[in-house]
Amino acid sequence: MIKTVLFFLFKFINLKSAMKKFLLSFLFLSTFCLNAYCQVDLSYYLPDSVEYNPAIPTPKSIIGHEVGDWHISHDRLVNYMYALDRASDRISLEVTGYTHEARPLLLLTITSPQNHQNIEAIRVQHIQLTDPAKSAFLDTKNMPAVCYLGHSIHGNEPSGSNASLLTAYYLAAAQGKEIEEYLSNTVILLDPSFNPDGLHRFSSWVNSRKSHVISADAADMEHNEPWPSGRTNHYWFDLNRDWLVAQQPESQARIKKFHQWKPNVLTDHHEMGTNATFFFQPGVPSRVHPLTPEKNQELTRKIGTFHARALDEIGSLYYTQEGFDDFYYGKGSTFPDVQGAVGILFEQASSRGHAQESVNGILHFPFTIRNQFTTALSTLTAVYAMRTELLNYQRDFFKSAISDASKDPVKAIVFGSKDNVRSKMLAEIITLHTIDLYKPSSTQTINGKSFDKESSYIVTMNQAQYKIIKGMFEKRTQFKDSLFYDISTWTLPLALGLEYEELKTLPALGEKVAELKIPAGKLVGGKSDYAYVFESTGYYAPRAMNRLLQHDVRIKVATDPFYHSSGKRFERGSIFVPVAGQEKLGESIEYLIQEILQKDGIDIYNFKTGLDYQGVSLGSSSFQVVHKPDIAMIVGEGVNGNDAGELWHLLDERMRIPVTMLPAEVFNRTNLNEYNTLVFPSGSYTSINDASKEKLKTWVQNGGIVIGFDAALNWLTTAGLGKFDMKPSTGSSETPDKDKREMPAPRAYADIEEFRGAQQSPGAIFEAVVDLTHPLLYGYFNTKMPLYKEGNLYMEKSKNAYGNPIVFGGSPLLSGYISKPNYEKLKNSSVVGVTALGRGRVIGFTENLSFRAFWLGTNKLFTNAIFYGPIINEASGR
Ligand SMILES: [Zn+2]
C-alpha cells in the first residue's frame, strides 16, 4: 500500500524509495482507475502506518458512498461531521452561523480529550500571545499551536470539502502514540465548507449529470456548469474576497471564530484549471503586501518543504512561488498574514466533475481529493514540528506592532459622516477585527471637516491590531510589482464614502465602542396633518422611499432647495410626503413613517405649511412625482455574475426593493411592459436577438428606464440604445498615441506576459468631481467622490455641457495601481452618461457602484438612477 504522510520530520528522503512509491502509486492508479472509471476506498487515501479505531464511523457508513465516488453534498457532509462529534471524544462541533440559504456553518474543534477538558483555558492563554501586555511571560514550549483547516470557499472547487471528510475521519480514528502526542500539542479548527450554498449548488449539478460510465470528455455536460456556477455564495459573492470587509454572513461567522482563536496557521484549499498540477504557497515573492513581515514568507517556505515531501511521496506534481500572491488581505490565505499567522493557499487542478481529460492524462476526482488530504496532513505535520517557532512568531508579530505604532507619526484616525449608517458600517468592520474603537469626546472640526460626536469614531494606532488598521486605512500608489492577483487597494473610508483625518496627536477620547446600532430617526414636530419631509442623505433613504411607494403612498422629490418653518434648509433630493389626498391609506402612513424612523434611522420633519418665500413652496412644480419602480435585472450566461450579484444584494438584502431577476434567454419572450426599469449589469448580452433589441427600443421610447454598467454600455451602443463613446483600448502598446509609423523599441519575448499583465487595471481608487444639482447626485453633499475602478473602459466626455455630472479630473488617482498609458486615458473621462430616447432614458455607468458590498459610497448613484431616471432633463443627454 501507499505510504502517505508520516508524523515526524523526515530527516532525509531516500531517492530510491521515493521512486518506488511513485511507481506504486502509478500502478495503483492504472489498476483501479481505468480510463474515466476509478474505484477507490479509504485505503487509497489514508496512511496505512497506523491502526484506525473501529468505533469511529467511516465516511461511507454515514454518507452512503466512498469518498470521491460522488461529490459530497452539504447536508451529507453535515451529517458526517455530527456523527464524528457523537463518536469521538477528540472532536466537538459547533454551528457558528448560517448562510443566506439557512445552511449551518460548522466548525470542529479537534484536539486530545485532555485538552478538551481545558479548552477555554487553552484558548484564553493562546489569545494572550497576541496581547503584548500579557504575552511576555507565556511559556510557548508548553502551549499547543492552533491550526485552522478551511475548505472549498469556492463551492465548485470541491476537492477540499471532500477531503475534509478524510481529514476529520483520520484525526478522529487514527490510533497510536504519534497521533496522541500530536493532538495534545495542537488545537485543530476544521471548517469542512467555507461556502455551503455554493458547494450545494455545484454538487447537485455534477452528481445529477454523472453517468455510470463516466465521461472524461471536457465537452460532457458534467464539466460544463451553467451560470452562475457554484463558485460564489447565494448572492454570487466571491467569499474569498470578503475576509477583511466581511459583508457576508459566512465571513462574519468565520472571522468571529478566527479572532476568538487567532490560529497560527490557516489553510485555504482551492482548485484551479484542469491542465495544471498542484500549487502551494508561498506565492510570487515580489507580490507580498509590504505590511506582511519577511518572517511570514520564510515560515511559509519552510512549511512548503513539508508539502513537497508529502507530495513527492505519493508521486504528485506541484509548483510553488511562480503564481498567485499575498497582497489583498481580503483573501483567506493572505488575511492571516496580517494577524501574526501564516495563511496557506492550496490550488489543485480541478476535475470539475468525476473525471476529466487533461494534458497530464485523465484527472480523477479521487486523485484531487487525495492531494488535498495529503497537504492538510503535511500542514499538521509542519505545525507540530514548528510549533514553538510559530507561537513565538505570533507573539513577536504583535509585540512589534506596538513598537511600529510608536514610531508612526499618525497616532489616531478619526472618521465619520453626516450619514451615520455608513459610518457605523465601517465601525462594524473595525470592531469585528478586535480593534479598539472610541467615540470622540466632543464634536470637532479638523482641516475644515466636521466630525460630529454622535456619528464619528476614533481608532487609535497604539494597539496590537496596528497592522490591520494600517491595512484598512492606508493609501498606496507605489508598488514593487505591477501585477496583481486581485485589487491593488481598498482604503476603507474612501470605499464607504466617509470623511477621515489622520491625527498626529492623540485626541481626547470618549467612551469605547461596545455596541453598534443605528439610532432611530427623530420625528421633528410630531404627527402631521399636512406633510412630512425627509432628506435623502441617509444610506437607507432609498429603502424608506420604497416602503412608501410599495404601499402606494404618493411621494415627490425636490429638484430645488426649500426651507422648514424652523429655518432648516432642505437640499435637492429631499423627499416630500403629502398627507392631504392620501386619506384612503388611513393610518398606514403613520405606520410607515414610524418604520422609517425606527428601521431606516432617518429624521422626518412635520411641515405644517406649504408656504416658503425663501425656497420653493410644497405645491411647486419643483417637486416631481417619484414612481414606484418595477425593476427587472438581466442575468444569466454572458453577464458578470459578481457584478449582477452585488446589485441584487444591494436591492434585495439591503434596500428590500423588489426585482425580477430576468434570464437573458427569457428576455426574448418577455413582455417588457411589466416593468418600468431594466438593469443591465456588465455583460455581453449576445443571447438577446435583433427583434428584442427593437422591442427594447420601443419600450424605452415609451418611457422605460435602462440602467447599464461597464461592458453593457458597449452592447447598448451597438443596439442603438445609447451613445457611450469609449476611448480605444491600449492593448499591449505602451505609447498608444505615438505615430503609428514609428517602429516600437524591441522588447524581450520573455517579457510579454509581464508587460500585458501590467496593462490590466486590477482595481484602484480615483476621485471624481460631481455636480450635486443633477438628480443622479441627489442625497450627496460633497463635490468630490472616491470611485472604485477596475478594467479599461474609459468614456469620452459628452459634448453637451450638462451631460457630464460625474467626471475624473486631471490627477484623479487616490490609491492603487494603474499603468501610465491607462492613466492618461482615465484623466478627464466621464463616469456616467444619459441618453434620452423618446420619453425614456438610458443611463450608463462605466464603473461598478456596489463593489463587493463594501463600496457603499456609490450605492446611491444606482438607486437614484432607479428613482429619478424619469425626471432627468432630456436636454442633458449625450
Ligand atoms: Zn478558488
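Remember, it's 1-based here, ligands and their atoms both numbered in the order they're listed.
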Test ring pair (Phe, Tyr, Trp, His ring centres under 6.0 Å) applied to H151 - qualifying residues, sequence neighbours left out: H269
All side-chain contact (heavy atoms from CB on, under 4.5 Å) counterparts of F397, not counting sequence neighbours: P293, Y393, K467
Cation-pi geometry met for R852 and F854 (6.0 Å, 45°): no
Charged tip of K210 within 45° of W70 ring normal and under 6.0 Å: yes
All side-chain contact (heavy atoms from CB on, under 4.5 Å) counterparts of E653, not counting sequence neighbours: H100, Y235, H649, R656
Contacts of the Zn ion (ligand 1) with protein N/O/S atoms, counting only those under 2.8 Å: H154 ND1, E157 OE1, E157 OE2, H270 ND1
More than 12 heavy atoms of other groups within 6.0 Å of R209 CZ: yes
